[in-house]
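For reference, the structure discussed in these notes is given below.
Predicted, not measured: the structure shown is a model, and the values here were computed from it.
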Amino acid sequence: MSGSKLLNDSSSLGAPKQSRANDAVQADQPIRLTVHSLPSPDQLIKSQLAGVRAGRWKMMAVFLVCAAPVIASYFTYYVWRPEGRRNFGELIEPQRPSPDLVGMSLTGQPLNLMALKDQWLLISVSGGACDDNCSRHLYLQRQLREAVGKDKDRVDWVWLIADEAPVPEALLPALASATVLRVPAARLAAWLPPATGHQLTDHLYLVDPLGNLMMRFPAQVDLSSASKVKRDLDRLLRASASWDQPGRPVVQ
């Protein structure tokens, strides 16, 4: 009786020992980990470069969309100009600076043409007797200066007399706001070029505030085409408004 009890006790004691042994064996086995491969440095660099290129293309696309109106206006103005945007006057290229030439006012005062700088000059040329073409030019010059309104103090109208003929007395009151000078005809011809087939006296000429002859208007300008001359003047006055200021007194 007692022997079977001991046997049972010994068998019950042996079970936990076996379990502990199995646990010990399992604890001795290595831990299994899953290792993922890392990208190589070359792959990382290529990936970063691809991202940079994609970002640059996106920025370029945004820039082009924003700049499209500016590019279009630049192309329209400088490359392809609509008919309505062309100048009425003919640009003189290259520009011709005012010559170092002394003229005489109607009161006998000498004045160098270079001293007329700092104003826009609308110039006509004729003899002192002033024929019909001369009278029309003088009238248009005066009217165009008045027509530019608040900018008229930035414009002088100039009559250059290319001979020694006396000026009619009846014309003098109308010249009160003009600059009138007698200058040698040969020197004027070297500075103010007429269009082919025309004479020096056929045109109105425009000199910029820096003293450069820059534009020649078509021959025989009259009241019907005066508005086109004014349009050119308005554009030039607007374009130079930031640096051209009125101020030089008119020479009598």
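With contacts defined as side-chain heavy-atom distances shorter than 4.5 Å, the pair Leu175/Trp157 qualifies. A heavy-atom distance below 4.5 Å is found between the side chains of Val125 and Leu188. Counting only heavy atoms from C-beta outward, the side chains of Val207 and Asn212 never approach each other to under 4.5 Å. Residues Asn87 and Arg235 form a side-chain contact, since some pair of their non-hydrogen atoms from C-beta on lies under 4.5 Å apart. Looking at heavy atoms from C-beta onward, Leu206 lies in side-chain contact with Phe217 at the 4.5 angstrom threshold. In this structure, the side chains of Trp243 and Pro209 come closer than 4.5 Å at one or more pairs of heavy atoms. Between Asp156 and Trp120, every side-chain heavy-atom pair lies at or beyond the 4.5 Å cut-off. Side chains of Leu113 and Trp191 form a contact here, defined as non-hydrogen atoms less than 4.5 Å apart.
Formation of a donor-acceptor pair under 3.5 Å by the Arg182 side chain with backbone atoms of Gly103 is not found in this model. Although no hydrogens or angles enter the test, the distance criterion places no donor-acceptor pair under 3.5 Å between the side chain of Asp151 and the main chain of Arg154. Looking at His203, its side chain does come within 3.5 Å of a backbone N or O of Ala195 through a donor-acceptor pair. A donor-acceptor pair is defined here as one N or O able to donate and one able to accept, closer than 3.5 Å; no such pair exists between the side chain of Ser126 and the backbone of Cys130. Judged purely by atom type and a 3.5 angstrom limit, Arg216 has no side-chain atom pairing as donor or acceptor with the backbone of Gly89. Put simply, the side chain of Gln199 never gets that close to the backbone of Pro194: no donor and acceptor are under 3.5 Å apart. Here the side chain of Asn133 pairs a donor or acceptor atom with the backbone of Thr201 at under 3.5 angstrom.
Among all heavy-atom pairs drawn from Ala170 and Pro173, the shortest one is O-CD, 3.5 Å. The minimum heavy-atom distance linking Asp222 with Leu140 is given by the pair CA-CD1, 3.9 Å. The minimum heavy-atom distance between Val102 and Pro110, with the atom names listed, is CG1-CB, 3.8 Å. Here the shortest heavy-atom pairing between Ala162 and Ala185 reads O-CB, 3.6 Å. Looking at every heavy atom in both residues, Asp232 comes nearest to Met215 through OD2-SD, 3.8 Å. Here the closest non-hydrogen pair linking Asp208 and Met214 is CB-SD, 4.0 Å.
Between Arg238 atom CZ and Leu236 atom CG the span is 9.5 Å, to the nearest 0.5 Å. With values rounded to the nearest 0.5 angstrom, Thr179 atom OG1 is found 11.5 Å from Leu122 atom CG. One distance of note links OG of Ser124 with OH of Tyr205; it measures 10.0 Å at 0.5 Å rounding. Note that the CD atom of Gln141 and the CG atom of Leu204 stand 5.5 Å from one another [nearest 0.5 Å]. The CD atom of Gln220 sits 5.0 Å away from the CG atom of Asp202 when rounded to the nearest 0.5 Å. Once rounded to the nearest 0.5 Å, the distance linking CG of Leu171 with OG of Ser135 reads 6.0 Å.
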Candidate pair Lys152 and Leu144, rule side-chain contact (heavy atoms from CB on, under 4.5 Å), full reasoning: CA-CA 9 Å; Lys152 72 176 186 178; Leu144 286 166; over 6 Å; no
Worked check of side-chain contact (heavy atoms from CB on, under 4.5 Å) between Ile161 and Leu106: CA-CA 10 Å; Ile161 303 174; Leu106 295 181; 4.0 Å; yes
Stepwise side-chain contact (heavy atoms from CB on, under 4.5 Å) test for Val221 and Phe88: CA-CA 11 Å; Val221 171; Phe88 178 64; 4.3 Å; yes
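Using a cutoff of 4.0 Å between basic side-chain nitrogens and carboxylate oxygens, Lys230 and Asp234 are scored as salt-bridged. Under the 4.0 Å criterion applied to side-chain N and carboxylate O atoms, Asp131 and Arg136 are not assigned as salt-bridge partners.
Both Tyr139 and Val155 are assigned to one and the same hydrophobic cluster, defined by single-linkage of ILVMFWY side chains at heavy-atom distances under 4.5 Å. Leu111 and Leu121 fall within a single hydrophobic cluster, where Ile, Leu, Val, Met, Phe, Trp and Tyr are joined by side-chain heavy atoms under 4.5 Å apart, directly or via other members. Linking Ile, Leu, Val, Met, Phe, Trp and Tyr whenever their side-chain heavy atoms come within less than 4.5 Å puts Val180 and Leu172 in one cluster. One hydrophobic cluster, built from ILVMFWY side chains closer than 4.5 Å, holds both Val229 and Leu91.
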